[in-house]
Amino acid sequence: MNKREDLYEKIVELAVRRGFFWQSYEIYGGVAGLVDLGPLGAVLKRNIEEKWREWFIIRHQDFIVEIETPMITPRAVFEASGHLEHFTDPIVECRRCGRKFRADHLVEEKTGTTVEGLKPYELTKIIKENDIKCPICNGNLGEVREFSLLFQTTIGPYSENVGFLRPEAAQGMFTSFKRVYEAMRGKLPLGIGQIGRVGRNEISPRQGVIRLREFTIMEVEFFFDPEEPSCPLLPEVENDEIRLISGDMKKAKTKEPIVVTVREGLKKKLIVNEWLAYFLAIGQKFVKDLGIPLEKQVFEEKLPYERAHYSTQTFDQLVKVSRWGWIEVAGHSYRGRYDLSRHIAYSRKDLTVYRQFREPRLVRIEELEVDAEKLKEFYGENSAKILRAISESDKNILLKELESKGYLSIAGFRIPKELFKVKVVEREMKGKRFIPHVVEPSYGAERLLYATLEYAYTIKEGRVILKLPKDIAPISVAVLPLVNREPLVNLARKIYDNLKLTKLRAIYDSSGSIGRRYARSDEIGIPLALTVDYRSLENNTVTLRDRDTWRQVRIKIEEAYKKIPLYIKGELTFEQLGTPVS
RNA sequence: GCGGCCGUCGUCUAGCCUGGAUUAGGACGCCGGCCUUCCACGCCGGCAAUCCCGGGUUCAAAUCCCGGCGGCCGCACCA
């Protein structure tokens, strides 16, 4: 056990003892991958969320908005999103030694054929036919089972209606995209953000708060016109330096990141999209505001086989922590048109958006035309019904279906493609419909919470000081009578009551010596200690003590109510609070 | 899930190997009181552990055995 590992243990110990977080349901033995946030942890997390809002929502509020959608999600959504298919692994267990293997990997290895998309019973059959044994102990293998990382439940009293807990918040933003788009009066680009809980039924979560079965995601789905992919805000960040490990560098086993400006990263085609690059820059500022320096952050591109099924480029935003090295606190994905186009195909709803051209353009388009005469011939009196159904449907979707299947199932009939004609015509178009592309920055709140604590954790003269950023610290000020005695106590209580009215989070502490109370307050990261002493009674002043330097200034009580909130927001320096105490 | 190590007051730990004299001890913490004019002061008193849960062996189990749950490490897994 080296020093670095100790740091994790010390933080967990502090977290449990002082009320940041601990294992859930521990009186029943606990459950791996579930944690409770205590009184301090809950506020700390809220402050981190609020900081995220500042960076991602509030500064872009004219085109990025926040919504809330449910955790419980019907099956159809995850069929469309691909999660049911891709979030599942076929697992087979050895009957002798109990070891578990990926059934598809095993079969592919032994037979040399690809078995992608095969059902569990098909894989079981192949294993039996080829007499595939346990690669470790050569024992017989059992039935292939699906292991899904999705938590499953039923919606309502009928067990047929299967629902899942979302493993990411994104799908709620895609399925309600059209509503938000309309509410935002049909403008692109449009960002839809959400902070919400998600569930992933991890096989073996360890690493405490780092890998959870239920956690909070903070993400933005940012929709834009792929023909207008440039980011007008780029100049604000284009000279920011980011530390980056590209896919090519990873293939070449380079572990040291290169430092490039955002502009260079785009120019060298390391980053495929300007918005993606923009959010990398915003993201590192956000994480820096939590007290994690830039040199402890890095963006690592995921290789194709490491990427999620929906992504064409993904950067993990990594932060260095003591015990596990670089951990992922965010994924920045270019999801392209994948999600919306899947939802269009599966729901048959039009989720495209319309953009008017400045000048009308001549565009060659394919048009679907029905042979009404033949339709009448084949379907008789049903043809009217069919025609109506066709005219009510989106022609482009029908055209796609016709092309892929060779027929159209509509109004309860199966219409062969011979009854349709596809005409290519030139048309003057005033605009076009298209599927927006999506860039997604997605943060894990609990991991950020842990990393924030770790970077705040310092030891001074043998005492723990949590140097949390002032606006992130769960409690802003501690009010302390120098000694636990009247009339100091009375005045201190009055000041405490008044501070609460300023909506600051404050505590009052009179137990033990003043030194002990300073130490207690440092340990949970309270940036300021306000001490009422005997001079306070004479001239209505108090001392303020800085957590990090232990320096003190003296300030008029009335001014303290105004200046302390400003100091917490970072608008005043400590020295500006009052006159130094020698 | 597999293998290794581990699980005692809120926290850190002594005791476990070599079952019984410990009412399961200590330190820190916390609470109350005294003291105290600025960095975990001191004193007094108190709170706090059916020794993770369940079963077994035994006259007797924190201690030995089995199972479960949980933690850490390694393997696998991590869209």
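The basis for the numbers below is simple: all heavy atoms, side chains too, and nothing from hydrogens, waters or symmetry mates. Protein chains get the first letters and strands the later ones, always in sequence-line order, with residue 1 at the start of each.
Phosphate contact (OP1/OP2 of C73(B), side-chain N/O of W324(A), threshold under 4.0 Å): present. Contact between the side-chain N/O atoms of R516(A) and the OP1/OP2 oxygens of C41(B) is found at a separation under 4.0 Å. For C31(B), one of the phosphate oxygens OP1 or OP2 lies less than 4.0 angstrom from a side-chain nitrogen or oxygen of S511(A).
In this structure, L14(A) places its CG atom 15 Å from P of G29(B), rounding to the nearest Å. Look at CD on E523(A): it is 13 Å from P on C12(B), rounded to the nearest Å. Taking atom CZ on R211(A) and atom P on C73(B), their separation rounds to 12 Å, with Å as the unit. Following rounding to the nearest Å, R554(A) (CZ) and C38(B) (C1') show an atom-to-atom distance of 10 Å.
Using a 4.0 Å heavy-atom distance criterion, W22(A) is classed as making no nucleic acid contact. Residue contacts for E461(A): at a heavy-atom cut-off of 4.0 Å it reaches no nucleic acid atom on any strand shown.
In terms of polar N and O atoms assigned as donor or acceptor, the side chain of Q552(A) comes within less than 3.5 Å of the base of C38(B) in a complementary pairing. Under 3.5 Å, the side chain of R517(A) and the base of C38(B) form no donor-acceptor pair of N or O atoms. The base of G29(B) lies outside donor-acceptor range of the side chain of R18(A), with no N or O pair under 3.5 Å. Judged by distance alone, with hydrogens and angles left aside, Y28(A) brings no side-chain donor or acceptor close enough to the base of C53(B) to form a pair under 3.5 Å.
Straight-line distance between the C1' atoms of C41(B) and C34(B): roughly 14 Å, to the nearest whole Å. Taking atom P on both C59(B) and C52(B), the two are 25 Å apart, rounded to the nearest angstrom. Between A24(B) and U63(B), the distance separating the two C1' atoms is 12 Å to the nearest Å.
The minimum heavy-atom distance between H343(A) and T175(A), with the atom names listed, is CE1-CG2, 3.9 Å.
Taking the six-membered ring for Trp and the full ring otherwise, the centers of Y8(A) and W324(A) sit less than 6.0 Å from each other.
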From CA spacing to verdict: side chain to side chain donor-acceptor pair (under 3.5 Å), E454(A), Y450(A): CA-CA 6 Å; E454(A) 195 177 294; Y450(A) 174 77; 2.5 Å; yes

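You'll find the side chain of I271(A) reaches within 4.5 Å of the side chain of F315(A), heavy atoms only.
Ion pairing between a basic and an acidic side chain is recognised when a charged N comes within 4.0 Å of a carboxylate O; K470(A) and D548(A) show no such pairing.
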